[in-house]
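Have a look at the structure below before the remarks.
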Amino acid sequence: LAQECQVANIQVMQNFTKTRYAGTWYAVGKKDPEGLFLLDNVVAQFTIDSDLKMTATAKGRVIILNNWEMCAHMFATFEETPEPAKFRMNYWGAASYLQTGNDEHWVIDTDYDNYAIHYSCRVVDSDSTCLDSYSFIFSRHPTGLRPEDQAIVTQKKMELCLLGKYRRVAHNGFC
Ligand code: ODT
């Protein structure tokens, strides 16, 4: 179908409730963008301020300048859009040599208590599919997804046209 894989047709989380999304999420899977940054040991922490604005911090292992391995500490603010599950994420690092940027930040699906699927398309192609995307599979549990959540996550990876493009994100205490 010509409609398939068009960025504009991607379904996101309905009635997204950011207060329920707050707290710690462990990345357990990732589809990398071009020029990948966060390698593994990725943990994100979302906070809802008193003014109901969402912010986040994240840490993860990175390699900069080809051979310097470190734990990056990152910060983000989120700009809301008419769709509650779609944000613009402004991000920067604790150090100036870390990545900065402004990415789409879409919550595709979550049950708030166990799993979440994030998606970001950086470049839309001329045929309206995504040319450069990244996506995180998050779990509330550092040990990974519960078996009962795995089928949902596989289904959503398919809907994102990214099935088979993810790798496992290790947690070994580096950060
Ligand atoms: O790793 C990559 O290659 C792309 C990711 C770069 C953006 C990382 C910015 C993190 C800023 C702090 C934010 C926390 C929340 C993150 C949730 C999802 C993924 C960015």
Side-chain angles (χ1 to χ4, degrees), residues 7 10 12-13 16-49 52-81 83-124 130-142 144-145 153 156-157 160 162 165-172 174-175:
V7 178
I10 291 174
V12 297
M13 181 67 186
F16 179 69
T17 307
K18 57 195 176 184
T19 49
R20 294 185 65 195
Y21 200 66
T24 303
W25 287 103
Y26 300 90
V28 295
K30 184 175 182 233
K31 188 273 174 191
D32 291 313
E34 303 202 5
L36 92 130
F37 179 54
L38 294 169
L39 297 170
D40 48 39
N41 292 280
V42 181
V43 182
Q45 177 104 36
F46 289 84
T47 304
I48 313 302
D49 300 343
L52 291 181
K53 285 195 162 76
M54 188 164 80
T55 62
T57 63
K59 59 182 182 172
R61 187 174 70 92
V62 297
I63 292 174
I64 48 176
L65 307 171
N66 279 324
N67 55 7
W68 185 16
E69 183 186 54
M70 66 174 290
C71 183
H73 286 87
M74 305 295 294
F75 306 94
T77 59
F78 294 85
E79 187 186 316
E80 298 193 1
T81 73
E83 287 197 69
K86 292 185 177 179
F87 297 85
R88 294 290 314 193
M89 179 180 78
N90 258 295
Y91 67 94
W92 64 94
S96 60
Y97 45 78
L98 297 170
Q99 275 191 15
T100 61
N102 182 282
D103 285 345
E104 298 281 355
H105 182 100
W106 295 2
V107 179
I108 300 300
D109 192 23
T110 184
D111 71 346
Y112 300 102
D113 298 321
N114 297 287
Y115 74 91
I117 300 148
H118 148 277
Y119 175 81
S120 177
C121 180
R122 280 179 167 165
V123 182
V124 179
C130 191
L131 194 59
D132 184 14
S133 64
Y134 66 100
S135 170
F136 280 97
I137 308 300
F138 285 116
S139 175
R140 289 292 194 190
H141 320 288
L145 292 177
V153 168
K156 294 295 172 183
K157 286 176 174 178
L160 292 171
L162 294 178
K165 304 243 171 104
Y166 289 79
R167 60 182 176 83
R168 193 175 290 275
V169 176
H171 289 268
N172 57 23
F174 183 85
C175 288

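Atoms within each ligand, like the ligands themselves, are counted from 1 in listed order.
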Show me the short polar-atom pairs for ligand 1: any N or O of it lying under 3.5 Å from a protein N or O, with distances only.
| unit_1 | atom_1 | unit_2 | atom_2 | d |
| --- | --- | --- | --- | --- |
| ligand 1 | 1 (O) | Lys30 | NZ | 2.8 |
| ligand 1 | 1 (O) | Leu38 | N | 2.9 |
| ligand 1 | 3 (O) | Lys30 | NZ | 3.2 |
| ligand 1 | 3 (O) | Phe37 | N | 2.8 |

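Proximity of the aromatic rings of Trp68 and Tyr97 is defined here by a centroid distance below 6.0 angstrom, and this criterion is met.
Within the 3.5 Å criterion, the main-chain N or O of Tyr112 finds a donor-acceptor partner in the side chain of Thr110.
Scored by the side-chain hydrogen bond (donor to acceptor under 3.5 Å, both in side chains) test, Asp113 finds no partners at all (sequence neighbours excluded). Qualifying side chain to side chain contact (heavy atoms under 4.5 Å, CB included) partners for His141, counting only residues two or more places apart in sequence or in other chains: Asn114, Ser139, Thr143, Arg146. Applying the ring pair (Phe, Tyr, Trp, His ring centres under 6.0 Å) test to Phe37 and every residue at least two apart in sequence or in another chain returns nothing.
Side chains of Tyr166 and Ser135: a donor on one and an acceptor on the other come within 3.5 Å.
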